[in-house]
Amino acid sequence: MVITDDRFKILAGTAHPELAKEICTFLDTPMAESHISRFPDGEIDLKIQDDMRGGDVFVIQPTCPPVNEHLMELLLLIDCLRRASADRITAVIPYFGYARKDRKDEGRVPISAKLVANCIVAAGAHRVLTIDLHAQQIQGFFDIPVDHLYAKPALQTRIHQMDLQDLVVVSPDVGGTKLARAWARALGADLAIIDKRRLSGSEISVENVIGSVDGHDVLVIDDMISTAGSITEAARILKDKGARRVLLAATHAVLCGPAMERLAKCPAEKIFVSNTIPIPSGGPASLEAVTVAPLLARAIARIHREESVSALFEY
Ligand code: R5P
């Protein structure tokens with residue numbers, strides 16, 4: 001996939017340079033040069049070295065931990081591009097942080113996802129390209145076009161190779177049912193749902209499985225693994241209920257707090273994640289990352305050529 005157009009530019013913040021490089025390789029395009037550093041007081045200083053005037057620029061920056069640092073870098077890069085007369089700025093945010101606070105479900109709490117969307121638009125982004133938002137409605141928080149991709153095709157290729165029998169796809173909570181149902185349909189599998197209760201940001205309690213898993217291979221699907229409480233408790237109860245092989249798959253490997261420790265003790269045979277976020281080293285042997293770089297590269301090429309991106313929206 002080669003783009004021979006001087007206006008086409010790819011730029012990256014410091015959140016995930018490996019993914020940005022992989023995308024550049026797929027597009028046979030050099031990465032635009034920038035210098036990002038910190039002032040002595042911790043404020044971010046940056047300068048884009050290449051000429052951006054009239055450019056169709058794609059800024060690659062997942063807003064993964066440290067979330068505030070990466071988000072601020074993204075905002076400054078967009079501001080910088082706008083002031084450098086870029087023609088169109090697309091924020092490529094493979095993982096959109098702050099997404100879980102997407103509604104006001106009690107008094108005196110912010111709707112953080114909306115505020116972050118407002119900041120990205122106010123900084124000067126013209127479009128957003130992202131993968132597996134925590135909730136579909138977050139697209140509506142942006143008053144600019146959002147191209148929302150799914151990591152499912154990338155993960156599914158790998159899962160097909162696992163030769164799973166009598167498969168049941170499991171959602172680790174009621175909120176993930178739609179995603180799990182799409183997977184179940186695609187794999188010709190049955191669906192089960194775990195009755196999960198969140199006790200705190202990192203503790204959950206799991207009491208029941210709705211649906212039968214006894215004697216079946218099971219695949220647990222989630223949009224993210226954060227502290228890994230949800231997915232490892234799911235694996236535990238599925239084993240208790242008689243599941244034969246247990247595999248886990250999630251798009252975003254946030255892997256914070258006790259996540260690595262929990263994954264290491266988890267009875268799952270395989271844990272597939274995508275590389276929307278850099279995967280820290282030291283994970284268990286069962287943890288395997290699947291790349292989303294070809295998916296993002298194809299979407300970027302289509303956006304640049306003003307072609308439809310919907311062919312890539314396989315859910
Ligand atoms: C919840 O709504 C999400 O889909 C994930 O299940 C959750 O964020 C995972 O968090 P943790 O890994 O900390 O249990």
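Only a predicted model underlies this, so the values are computations on that prediction, with no experimental measurement involved. One-based numbering, in listed order, for ligands and for the atoms of each.
Within the 4.0 Å heavy-atom shell around ligand 1 one finds I225. At least one heavy atom of D223 sits less than 4.0 Å from an atom of ligand 1.
Of all protein heavy atoms, the one closest to atom 8 (O) of ligand 1 is R100 NH1, 2.9 Å. Distance from atom 13 (O) of ligand 1 to its nearest protein heavy atom, with residue and atom name: T227 OG1, 2.5 Å. Regarding atom 10 (O) of ligand 1, its nearest protein heavy-atom neighbour is R198 NH2, 3.3 Å.
If you check the side chains of K196 and S230, you find a donor sitting under 3.5 Å from an acceptor. Between the side chains of Y98 and N68, at least one donor N or O sits under 3.5 Å from an acceptor N or O. H304 and D56 are linked by a side-chain donor-acceptor pair at a separation below 3.5 angstrom, with hydrogens and angles left out of the test. In this model, no donor atom of one side chain and acceptor atom of the other lie less than 3.5 Å apart for E269 and S286. Under 3.5 Å, the side chains of H70 and T63 contain no donor-acceptor pair of N or O atoms.
By the criterion of a heavy-atom distance under 4.0 Å, neither the backbone nor the side chain of E233 is placed next to ligand 1. Using a 4.0 Å cut-off between heavy atoms, H134 contacts ligand 1 through its side chain alone, with no backbone atom that close. Residue V254 does not touch ligand 1, judged by heavy-atom distances below 4.0 Å. Proximity of H252 to ligand 1, defined as any heavy-atom pair under 4.0 Å, is not found for any part of the residue.
Within a 6.0 Å radius of CG in D6, no more than 12 heavy atoms belonging to other residues, nucleotides or ligands are found.
Residue-to-ligand polar distances place A228 within reach of ligand 1: an N/O pair is separated by less than 3.5 Å.
The distance from ligand 1 to the heavy atoms of G229 drops below 4.0 Å at these ligand atoms: 11 (P), 12 (O), 14 (O).
Taking the centre of each ring, F142 and F96 come in below the 6.0 Å mark.
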